[in-house]
2 protein chains.
Amino acid sequence: MKKILSLLSFYLIAVTAIAQTFKSPSGNFEMKFSITEKGEPTYELNYKGKKVINPSKLGLESFGDKPSFYDNFSVVNVNNASFDETWQPVWGESKDIRNHYNEMIVSLTQKDTERIMILRFRLFDDGLGFRYEFPEQKKLTYFAVKEELTQFAMTDDHTAWWIPGDYDTQEYDYTKSQLSEIRHLQESARTDNLSQTGFSNTGVQTSLQLKTSDGIYINLHEAALINYACMHLNLDDKNFVFQSWLTPDANGTKGHLQAPCSTPWRTIIVSDDARDILASNITLNLNEPCKIKDTSWIKPMKYVGVWWEMITGKSDWSYTNDFPSIQIGKTDYSKAKPHGRHGATTSNVKKYIDFAAQHGFDGVLVEGWNIGWEDWFGHSKDFVFDFQTPYPDFDIEDIHRYAKNKGVKMIMHHETSASIRNYERFMDDAYKLMNKYDYPAVKSGYVGDIIPRGENHYSQWINNHYQYAIEKAAEYKIMVNAHEAVRPTGVCRTWPNLIGNESARGTEYQAFGGSKPNHTTVLPFTRLIGGPMDYTPGAFENDISKYNPNNKSWVNTTLVNQLSLYVTMSSPLQMACDFPETYEKYMDAFQFIKDVALDWDKSKYLEAEPGDYVTVARKAKGTDKWFVGNTNGETGRNSIVNFDFLENGKTYIATIYADDKDAHYKTNPQAYHIRKVVVNSNSKLSQYCAPGGGMAISIYPVTDRAQIKGLKKL
Amino acid sequence: MKKILSLLSFYLIAVTAIAQTFKSPSGNFEMKFSITEKGEPTYELNYKGKKVINPSKLGLESFGDKPSFYDNFSVVNVNNASFDETWQPVWGESKDIRNHYNEMIVSLTQKDTERIMILRFRLFDDGLGFRYEFPEQKKLTYFAVKEELTQFAMTDDHTAWWIPGDYDTQEYDYTKSQLSEIRHLQESARTDNLSQTGFSNTGVQTSLQLKTSDGIYINLHEAALINYACMHLNLDDKNFVFQSWLTPDANGTKGHLQAPCSTPWRTIIVSDDARDILASNITLNLNEPCKIKDTSWIKPMKYVGVWWEMITGKSDWSYTNDFPSIQIGKTDYSKAKPHGRHGATTSNVKKYIDFAAQHGFDGVLVEGWNIGWEDWFGHSKDFVFDFQTPYPDFDIEDIHRYAKNKGVKMIMHHETSASIRNYERFMDDAYKLMNKYDYPAVKSGYVGDIIPRGENHYSQWINNHYQYAIEKAAEYKIMVNAHEAVRPTGVCRTWPNLIGNESARGTEYQAFGGSKPNHTTVLPFTRLIGGPMDYTPGAFENDISKYNPNNKSWVNTTLVNQLSLYVTMSSPLQMACDFPETYEKYMDAFQFIKDVALDWDKSKYLEAEPGDYVTVARKAKGTDKWFVGNTNGETGRNSIVNFDFLENGKTYIATIYADDKDAHYKTNPQAYHIRKVVVNSNSKLSQYCAPGGGMAISIYPVTDRAQIKGLKKL
């Protein structure tokens, strides 16, 4: 790791309001900090000479004390620094990540209170990160946050890709609209969810993707959400000013802070090229370096699972209809009559293990293996699961042996039903059980309203739980893939055993009525800014009623689009969600899922426009193989791939998985063709991608000329 | 254990409203159950032919569903039974406890909803217990309780000894007033506390002691408070009708129930002799039998501790003034400068161990041994303690060895600062540390507002925590003495490792400004109905300013009164709270504390009037020794002790610890005399007990005539 830290200047400025400016290393960005006459800190941001953030206020409102933390400030000193290092993530889109920024640290004090607040700004060449810091000081230790008052003042009525602000779910389809339209579209955008709490007609979630009328892309999010409430944004739609809106606890308090402490970073990624938004590493760079010393046990995984059959309704998580309700530890399952629809049976699991072993998958996820599913949801049930007692027809010992023999790892499932305390009570034993039976990873879930009641999924106290689960898992060398937890903010840099999150509308919604066909062209600009998603692609069968006649859902993508997601939605954890018997029917296409890598040396974003398309090429870690994916929106278009990312002078075979000309997500989704061609760094491809379709390419270096015999050049 | 269960009758009655009556085994009590025309279940209670509970409605109000659980009921059947068994508690006031009652089980159903509710009434010869049961059924599983609607309709404007209803504290002085006066006295009765939440001007807590104008004592409380909210009572002071008022959670919900389930028992103890209230075992009898198989490790303990010096302000729990605040795991104490007032130093603890060993005490409690006390309270601090890291000057290993050598056990202290989740996260490790260093018991504390915020000390969810702590402690063979937890309801029968609770205004208040001189004449009628209290008597020095010049508190009892409490406030856990150097000055009186037993074969209540006096004789378990205690109220009086409880024909030496004639809690509290006399079962004593005073007698059988040489007969 290369690390250069240089102190450029350190000087005292007068207490009066003097504006301070500084630039990003390339000079593309210029940020101005100033203090109003009332002592309010403000910032504004220019990109390539254009204003992208109008003067915006900074501060927090606390309970009780006056003044709060948003006015009466004066500048004590301003400290400038520069930083440049390149670091290596345990897994990710690139082998090396450069963390290069100029920094301005503004120390503020309040005359009356003698309290000190520091604003730390970091300007990268792709945007800004800043946070509030409260150093150890005499006149301030504990305080409760009423609201954070960070503004992001837009310069106009931009286009936005947004989901409704909500304390309890992020599982919405994205709406594209002007900022001025959010208020009117809020209600229709707020589709039903098992637990949801809106707060404002102009409330939206981050990461929020915006675009100006002159083609500048702006992305608002946060980094390193640790011991703080999740930030939403509320829009003043007369002035186009977003203001932070934190998730409250049961009392309505939005945070309890103890100096010394810092807020998470607020991030503004900006570019006139949408691809730069996707390539930005600001979120990771603003997190702390890895805190796990030995990371050798953290390994990307490709997996199948006993899951899609429950999601589609073909089978059940539960085991029996014998009991009107379950009391863990009291209900005797041993004499219960199985209802015959239980998915997690030993024999069914073995079928998946066989399939995984046959096709080189690393793992098998099994949901519904543990007792309690008969009435796990919606009852505000505290003691809902024990995370360790299998159903009578799930022989954990036998399955462990069977999987081990086949070289496959089992993936654990811990649905908590959002009963936080109950999960923590069993967490050690649950993780120990995983160690005992060699489960390297757990998918955890937080479906439904939080217990303790009154708390919200994204409040500080509950966020602390998710973090606790990750850190405790690290003690047991367990990887975590948390669903319905707070959306990620790059914490996987610090805790790379956090290999996945859901925290958005995943593939399951294709079996719950369907998602918008362009959904995955937006996710890389929004949800994925914070970290990888366990999106669970691979749904080859569009007509869900073939699995469950009562489920009329339709998967709104082409089959090829499903392939592309393994590349466009980079993740160290990738599922092939569909049934083995379905894959058997499309083995030629399935080959791409078998081949595709999980971890990368580098990534090149080739084409990108939120809502329309994302095309990316990635080099598989430690190899010369490349994979290209394109996910396409509602309109068919030709994707242009310039293969100049390939090594000069080298010859490769590209296997192109493409939509047929008449393919369409709704009417003809399984129309695809596969061709092999010879490519090199001079090759260019123009490939049609259908509505809701896409493209996937695997590119293998030629090691023997015989391999290309009979193949055409592209 | 003798157990007789006979089914007296089982018959169907018509669905129309027919009153059902049944009697207690002796016939003293008659209870009538009926259903109003609206289908509301009601009960009324007669004692010796007099009405003590007027017709009172029964039911619960749930959220959402209509009808709720208080009307539209009809009787399905009535089942009568009788029960008589004698069981042996692990520790307690008697070796044998008779559980003898007649039972009436009324099964109700609602026509429209087909839901079933059972009312189970048990009539003992000293009162009534009843509860609601929701058996497993098709039309009802989960429901949320808006309020329990149990009425206790008084027949008149009785006298009551009450404390204000409160969701977060029971640490109030008792007020004696007519029911009609409660509303006007509520505010003055609500003295300051570190965490308090009142709910009504006529709200009071249980156990509530009442007395009718014709001399009948009525006590209202609950038994077996498990997985339910603590019940308060709210008075309709026009009609003198109490109604249950449960403690809510953060959402205002008062319970989440899952059939099959039962509420706690609601108890009404009644007698025309106040002594019967104290002797009643209804609360214990209505709890489940012991669930701990091997109870050999549960042993009563007499202890001293590094505690009174902190309470009085002579020393501190904390260690240093170096840090404005503490972050556990980050703050480095090793380099901190001690402020010199830390109580839990190795050398100071050894002084207490020496004293304990010298005087035959079982244990030494040490508070302030673990890091975090510098800012433990009032900051809504989640991670406040880790329960395992000692201060640098507390050598846990050395202290362990030292105590072991001296035959003394250390008592652990876990103050949680009411941060419930944090305690649970560390609970296993904390208990393991206790096992490692041979701590048999823990004093836990829940000072301040509950975290998670919005929850209350006595809500269902938090009550479940206290129970969790007890049951988990049992796994580690640890005894629990929980302070600021919900007041006990006889759960110590089921979990006898619950050897103590505070849950009332303890001796510490004598150093916080003082308690009413008659406080301990009320507690046996109120707080102690539910179980033993860690009252921490033994305060010999009344003038607290002698310990800490800044503390002007006065202990409002005579020294002899302090002795008496070891008998009147029966507990398997008894502290001698004062300083060793103080006890050195009063070694003759201290002898009683050394002698007094902790566990009993039998107890005889000799005199009792709430607010005025309680006199009890108890036979030490497995011996022929008796101990008598009298706690006296504000007025001096002669206590009459008839020694007919002694074995006929046997001779004993009684050592009588008595107030001097001019003793007075305020002006002359340390004026006492001790005399030895010979007594037998024919002896009678009339002994003056001073205002705020009392009497203590140890009675040892004469084993050798030489022992009584020179002693006078009483």
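A, B, ... follow the sequence lines: proteins, then strands. Residue 1 opens every chain. This one's a predicted model, so the numbers in the text were calculated from it and none came from an experiment.
Using a 4.5 Å cut-off between heavy atoms, Q137(B) contacts chain A through its backbone alone, with no side-chain atom that close. If you measure heavy-atom distances from N227(B) to chain A, you find no contacts under 4.5 Å at all. With a threshold of 4.5 angstrom between heavy atoms, L257(B) does not approach chain A through any atom at all. Contact of N464(B) with chain A is made through backbone and side chain together, with heavy-atom distances under 4.5 Å. Contacts of A144(B) with chain A are absent, with no heavy-atom separation under 4.5 Å from either backbone or side chain.
When all heavy atoms of T141(B) and P324(A) are compared, the closest pair comes out as OG1-O, 3.9 Å. Across all non-hydrogen atoms, the minimal contact from S325(A) to A259(B) is OG-O, 3.1 Å.
Between atom CG of residue N251(B) and atom OG of residue S380(A) there is a gap of 8.0 Å, rounded to the nearest 0.5 Å. Interatomic distance, CZ of R453(B) versus NE2 of H256(A), reported as 3.5 Å (0.5 Å rounding).
Using a 4.5 Å heavy-atom cutoff, the side chains of Q258(A) and H379(B) are not in contact.
When each of E455(A), Q327(A), K330(A), K138(A) is checked for heavy-atom pairs under 4.5 Å with chain B, Q327(A) comes out on top. Note on P260(B), G378(B), A250(B): by heavy-atom pairs under 4.5 Å with chain A, the leading option is P260(B). Ranked by heavy-atom pairs shorter than 4.5 Å toward chain A, the options I451(B), T253(B), I326(B), D428(B) are led by I326(B).
No more than 12 heavy atoms of other residues, nucleotides or ligands sit less than 6.0 Å from atom NZ of K146(B).
Between the side chains of H465(B) and R421(A), no donor N or O sits under 3.5 Å from an acceptor N or O.
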